[in-house]
Student: 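What follows is a single structure, and I will ask about it in a moment.
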Protein chains: 2
Amino acid sequence: MKMTPLITSAVMHFGEMGSRWGFNRTVGQILALIVLNEEPISAQEIADALNISRGNTSMGLKELQSWRLVKQHLVPGERKEFFIPAGDIWTLANRVFEERRKREIDPTLSLLRDLLLDEPANGTEAGAQNKLSEIHDLLESITAWSEELQNLGPEKLNTLMKLGSGVGRMLDLKDKILPGKNSVN
Amino acid sequence: MKMTPLITSAVMHFGEMGSRWGFNRTVGQILALIVLNEEPISAQEIADALNISRGNTSMGLKELQSWRLVKQHLVPGERKEFFIPAGDIWTLANRVFEERRKREIDPTLSLLRDLLLDEPANGTEAGAQNKLSEIHDLLESITAWSEELQNLGPEKLNTLMKLGSGVGRMLDLKDKILPGKNSVN
DNA sequence: TTGAAGTTTCAGAAATTACTGAAAGTTTAA
DNA sequence: TTAAACTTTCAGTAATTTCTGAAACTTCAA
């Protein structure tokens, strides 16, 4: 494992950002290393390149697999396990979104649903429930929308993103082209 | 300040989620309290309701103001400062997105731009640069897209989100309705 | 069936992050 | 100008999170 200056900077940066993206420093570094490395890389090579313990490496890889960002790669004839990215950059980004949605939105949505079932005990609670219900609706929209975008597939998603301000114009026209059931009250 | 059971559950939950959303427990709790409370609330009331020190409260409020999620509210005749949400739920969600983009994407984008300026020293670096350039493009698309959505305004954004699977159909038709400059190669 | 080559687990140590509370700072009314 | 009412800062402590490394586990070839 080489670790040229360029790769080192990138790996270090991904480490720093790791915690903001939902995992920790070494997990970020491991991910960067696996993505930037052309060849499959073994756990031991990772530990050496990053100067971290073998144990920490093992946990980091487990976490990355739970995020479905890296996967094992069996090299025939080799006993040890190698690791490679679980897909192209687009796929990885999608997985990060999805996984974060699960961790950042779903639990709240489920709590809000419960809280909204209770009868408000008084005026204060009624007011709070209104707010909570607004939050609930917003989070549901976001969830539904992100699922929608996911099964649009990368190509269409890309088209949509590149469309830029065209989206606004398109919305103005939508009733003409999509009459009926999808019009919004 | 009351803190009925309902409000307590919500506040505690927002505290737990806080760290996943980019701030810490008490900041999350303070935010929930301010949003769910109908009336403006003072720093002292917040500290009492959450059982946290006055100093911590002050830091938390400062952070929430830096995220532009809460703002001061001067009550005439009162010396102390009161706090209220900086806008409706939609606005707050937008601010969180925006702020997180600044913290989670912008620094990486800027590093990637720098790294891509260097001449690759060898084959390994060239390969890594390709990957980095893919990541760069993806992050730029996301940034541009999120800005686009922001200045679409809440109403249109809502229309778009509610459109659901209609988006896919609309994209199929887009060349017919938006000919020319916005077509994607 | 043993042992070499590998992986995983997890208790404790190290590093990081959050919180407290006392002291310093600010504002306003008298 | 003083002092009461309030806010902010920040050094030190507490809580949490991450990391290490030794031990336990697994797999496979001989």
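Predicted model, so just to flag it, every value in this text is computed and none were measured. Proteins get letters first, then strands, A, B, ... in listed order; numbering begins at 1 in each.
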Student: Can you give each donor-acceptor pair under 3.5 Å made by side-chain atoms of residues 52-63 of chain B, sequence neighbours left out, with the distance rounded to 0.1 Å?
Tutor:
| residue | atom | partner | partner atom | Å |
| --- | --- | --- | --- | --- |
| Ser53(B) | OG | Asn56(B) | N | 3.0 |
| Thr57(B) | OG1 | Ser53(B) | O | 2.8 |
| Glu63(B) | OE2 | Trp67(B) | NE1 | 3.0 |

Student: Is the distance from OP1 or OP2 of dC19(C) to the nearest side-chain N or O of Thr26(B) less than 4.0 Å?
Tutor: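 Looking at the OP1 and OP2 atoms of dC19(C), one of them is under 4.0 Å from a side-chain N or O of Thr26(B).
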
Student: Going through the distances and angles, do Arg100(A) and Glu104(A) end up as a salt bridge (Lys or Arg N to Asp or Glu O under 4.0 Å)?
Tutor: CA-CA 6 Å; Arg100(A) 286 180 69 166; Glu104(A) 299 177 4; 3.0 Å; yes

Student: For Lys62(A) and dT7(C), is the shortest distance between a side-chain N/O and OP1 or OP2 below 4.0 Å?
Tutor: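 No, Lys62(A) has no side-chain N/O under 4.0 Å of OP1/OP2 on dT7(C).
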
Student: Classify the side chain of Arg79(A) and the base of dT27(D) as holding, or not holding, a donor-acceptor pair under 3.5 Å.
Tutor: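 Answer yes: a donor N or O sits under 3.5 Å from an acceptor.
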
Student: May I ask you to decide if Asp106(B)'s main-chain N or O and Ser110(B)'s side chain share a donor-acceptor pair within less than 3.5 Å?
Tutor: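 It does not hold such a pair.
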
Student: Using whole Å, report how far CZ of Phe23(B) lies from P of dT17(C).
Tutor: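 To the nearest whole Å, that distance equals 17 Å.
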
Student: Let me know the distance between CD of Gln65(B) and P of dT7(D), rounded to the nearest Å.
Tutor: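 In whole Å, dT7(D) P lies 12 Å from Gln65(B) CD.
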
Student: Base, sugar-phosphate or nothing for Asn24(A)? Non-hydrogen atoms, less than 4.0 Å.
Tutor: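 The answer is sugar-phosphate, as Asn24(A) gets under 4.0 Å only of primed atoms, P, OP1 or OP2.
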
Student: Take Leu61(B) and Arg25(B), find for each the nucleotide of DNA chain D with the closest heavy atom, and name the residue whose nucleotide sits nearer the 5' end.
Tutor: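 On the 5' side of the pair lies Leu61(B).
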
Student: Considering only heavy atoms from C-beta outward, does the side chain of Leu117(B) approach that of Arg113(B) to under 4.5 Å?
Tutor: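 They are not in side-chain contact.
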
Student: For DNA chain D, which consecutive runs of 3 or more Watson-Crick or G-U pairs (each distance under 3.5 Å) count as stems?
Tutor: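 Stems (3+ consecutive pairs) listed as C:1-30 with D:1-30.
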
Student: Give a yes or no on whether the backbone of Asp118(A) and the side-chain of Gln129(A) come within a donor-acceptor separation of less than 3.5 Å.
Tutor: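 Yes; at least one donor-acceptor contact below 3.5 Å.
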
Student: Between atom CG of Leu74(A) and atom CD of Glu81(A), what is the distance when rounded to the nearest 0.5 Å?
Tutor: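 If I round to the nearest 0.5 Å, the distance is 7.0 Å.
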
